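In what follows, every heavy atom counts, from backbone to side chain, and hydrogens, waters and symmetry copies are set aside. In this text, all values refer to a predicted model and were calculated from it rather than measured experimentally. Throughout, a chain's letter reflects where its sequence line sits, starting with A, and its residues are numbered from 1.
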Amino acid sequence: MDAILFFLFAAIAVVSAINVVVQRHPISSALSLVGVMGSLAVLYLLLGAEFIAAAQMIVYAGAIMVLFVFVIMLLNAGAEKSPRKGWILTAVAMPLLVLFLGMVSYIIQRGFPNAPLVVFGQFTGGSPKDVGMALFTRYLLPFEITSVLILIAIIGAVVLARKEME
Amino acid sequence: MNVDLISILGNFYVLTLIKLGLVAGVLLTALAYLQWIERKVIAHIQLRVGPTRVGPHGLLQPLADTIKLLTKEDLMPSHVNKFFYVLAPMVAVFFALSAIAVIPFGPKINVFGIETYMQLSDLNIGILFLLALSGMGVYGIALAGWSSNNKYSLIGGLRSSAQMISYELPMALAIASPLLLAGSLSLREIAESQAGFMLGFIPRWSIFQMPAPQLMAFVLFMIAGFAETNRIPFDLPEAENELVAGFHTEYSSMKFASFFMAEYANMVTICCLATLLFLGGWYPIVPSPVADYIPTLVHLAGGGMLIFHGLQPARKWDKYTMPVFGVAFLAVGLLFLVPFLQPILLPLFWFISKVGILLFLFIWVRATLPRFRYDQLMHFAWAFMFPVSVVHLFVTAFLVALLK
């Protein structure tokens, strides 16, 4: 059952991810990205990380992507025209892609040579309590720095968006 | 043979399917009748009579509406984005109806030796699941507005997404404070943490519970709930005197009905959530021996009143219809005295009456309050709701850490 669900949602995630790039219209791309987020949340759920799955849905699919869609609608962005692709572009891109995939698989191979297989539902330590403890004890400094970074971004956005006062 | 039947019924999948059927049937009927109740209540508040033609007191009106909506022509305007135009109502109704899956209606019960919870599934993170669903529900409305390719629809969709994102924040903060008291994210455990009484008579519901009574959070949650469901006074997305009908202007037939159903289902979810978080779920308002007789008394009083009015009919048919409903009420009231049914019916009565009172509040507000202006709506969310809910959360956290 777990394996069937895993392959189903892994397939949905990959197809949606490809769809993000393939689709011409920004709304279609954004919604495909929501599909990726949703299927990733299901994968987290299968591993047993319920809290992280819910946070993924609330934060990424429910808040950030809604803002994306909102902005796309507000700007009334139309379908993109496909740029003319020459055969030179394809000829250069294909070997680069193969090289990149090879590098990724090499790093995984060397970095985690004897990593144990993932077991469905065996992930513990994803409860709200564990996440909170980790955030406020071990990772307190990165957490605070991230908060300050986001605050700076917010202030920057407000300053940029504000009308000039006389 | 008998033992076999019980073991089949006790099977997880079979049991879940049975519960699913029951809950879905009751929910969909309730949604249809909520519409009737809303029209009746608003009519009476405005000194009208509301639907009266179909069936006694218009009681078959929901059925007539359903048939009408099902058989109407399903228009597909030529200028819409077909795929998203069809997808939007499905998204809206899917996420609205899924919410019922994690809501508990009562404690563990024992039917013919099968122990089960009065709930479809008890998630550890039930409350976060509901928040995620409500976040996803925005897509239905936003997509409907955009794909209709109509400026009124688009403005409706934009308004709705901005409004729902803004009010999700104070709503999440208002939810967080009772969670501090309960110490769990599972809706069942949250409700169970509110069982019992303080000093023997004050129920330990979150809105009364020491050390940090959550009355303020309850008010904030309900206000945000009105905004999340796009109800008056926050129904800017479908403001009919500005935007024709807002995001669902171009929709007809079953697609229109889906949006309608989604709105009512969201309303029911918000009321259930408020009941579970703040009003003690299925636990009664007074201690046990008295509480067990209240449902019977309420139904007997209602039945008596109906029969009394049936004897002095104001309208022609009242002398037939009123006594019939009166007798039905009396019979239901007596059911609450059957010891075998009590463990099922009593929690259900308390849960449904609390949800019903909150739903009545929604309807009452709709009949009473005018609509906000859009800048007032945003100002209210960010300049009042948000700071108040943050301060409330801080105070609650402080009190809980200090005294619990």
Side-chain angles (χ1 to χ4, degrees), chain A residues 1 19 23-35 37-42 44-45 47-79 121 123-132 136 154 158, chain B residues 13 81 83-85 87-88 91 94-95 98 102 121-149 151 153-166 168-169 171-172 175-176 179-180 183-186 228 247:
Chain A
M1 189 71 181
N19 209 23
Q23 284 292 333
R24 289 282 150 69
H25 203 287
I27 291 266
S28 316
S29 296
L31 287 170
S32 307
L33 198 51
V34 176
M37 307 287 186
S39 24
L40 278 186
V42 176
Y44 289 143
L45 211 55
L47 289 174
E50 292 173 330
F51 179 75
I52 296 170
Q56 164 95 2
M57 285 307 278
I58 294 171
V59 176
Y60 287 102
I64 293 179
M65 287 317 294
V66 171
L67 277 179
F68 270 51
V69 170
F70 181 76
V71 170
I72 294 171
M73 284 180 184
L74 202 62
L75 299 178
N76 200 11
F123 178 75
T124 51
S127 73
K129 192 179 173 186
D130 296 327
V131 173
F136 288 106
I154 292 172
V158 170
Chain B
Y13 294 103
N81 184 324
F83 179 72
F84 291 123
Y85 179 80
L87 185 72
V91 169
F94 173 77
F95 287 112
S98 327
V102 293
S121 70
D122 182 23
L123 292 188
N124 291 337
I125 46 151
I127 190 108
L128 295 178
F129 180 76
L130 287 183
L131 279 177
L133 284 184
S134 99
M136 297 301 289
V138 185
Y139 286 110
I141 292 174
L143 277 182
W146 177 78
S147 68
S148 295
N149 208 355
K151 58 189 163 213
S153 302
L154 180 65
I155 294 173
L158 288 177
R159 278 182 176 184
S160 155
S161 33
Q163 170 181 333
M164 283 168 97
I165 296 172
S166 306
E168 216 154 76
L169 215 60
M171 183 152 135
I175 288 175
L179 292 185
L180 289 176
S184 169
L185 291 175
S186 145
E228 284 287 309
F247 63 89

Practice item. Might you work through the side chain to side chain contact (heavy atoms under 4.5 Å, CB included) test for A/I27 and A/M73, ending with a clear yes or no? Key: CA-CA 8 Å; A/I27 291 266; A/M73 284 180 184; 3.9 Å; yes
**Study point:** Per-residue contact mode, B/L131 against chain A (heavy atom under 4.5 angstrom)
**Key:** both
Review point. OG/B/S166 to CE/B/M171 distance, rounded to the nearest 0.5 angstrom?
Key: 13.0 Å
Check your understanding: With a cut-off of 6.0 Å (strictly less than), are more than 12 heavy atoms of other residues, nucleotides or ligands near OH of A/Y60?
Key -> no
Check your understanding: Checking B/F84 against chain A: side chain, backbone, both or neither under 4.5 Å from a heavy atom?
Key -> side chain
Point to revise | Contacting region of A/V66 [heavy-atom separation from chain B under 4.5 Å] | key: both
Check your understanding: Given a strict heavy-atom distance threshold of 4.5 Å, which part of A/V34 is in contact with chain B: side chain, backbone, both, or neither?
Key -> side chain
**Study point:** Partner chain A: residue of B/L143, B/V138, B/L158, B/L154 with the largest heavy-atom pair count (under 4.5 Å)
**Key:** B/L158
Review point. Under a 4.5 Å heavy-atom cutoff, which of B/A172, B/G135, B/S147 has the most pairs with chain A?
Key: B/G135
Check your understanding: In terms of heavy-atom proximity below 4.5 Å to chain A, should B/L133 be classed as side chain, backbone, both, or neither?
Key -> neither
Point to revise | Atom pair CG (A/L40) and CD1 (A/I52), whose distance is rounded to the nearest 0.5 Å | key: 12.5 Å
Exercise for review: Show your working on side chain to side chain contact (heavy atoms under 4.5 Å, CB included) between B/F94 and B/M136 and close with a plain yes or no.
Suggested key: CA-CA 10 Å; B/F94 173 77; B/M136 297 301 289; over 6 Å; no
Review point. Is B/S161 reaching over with its side chain to a backbone N or O of B/G157, donor-acceptor style, under 3.5 angstrom?
Key: yes
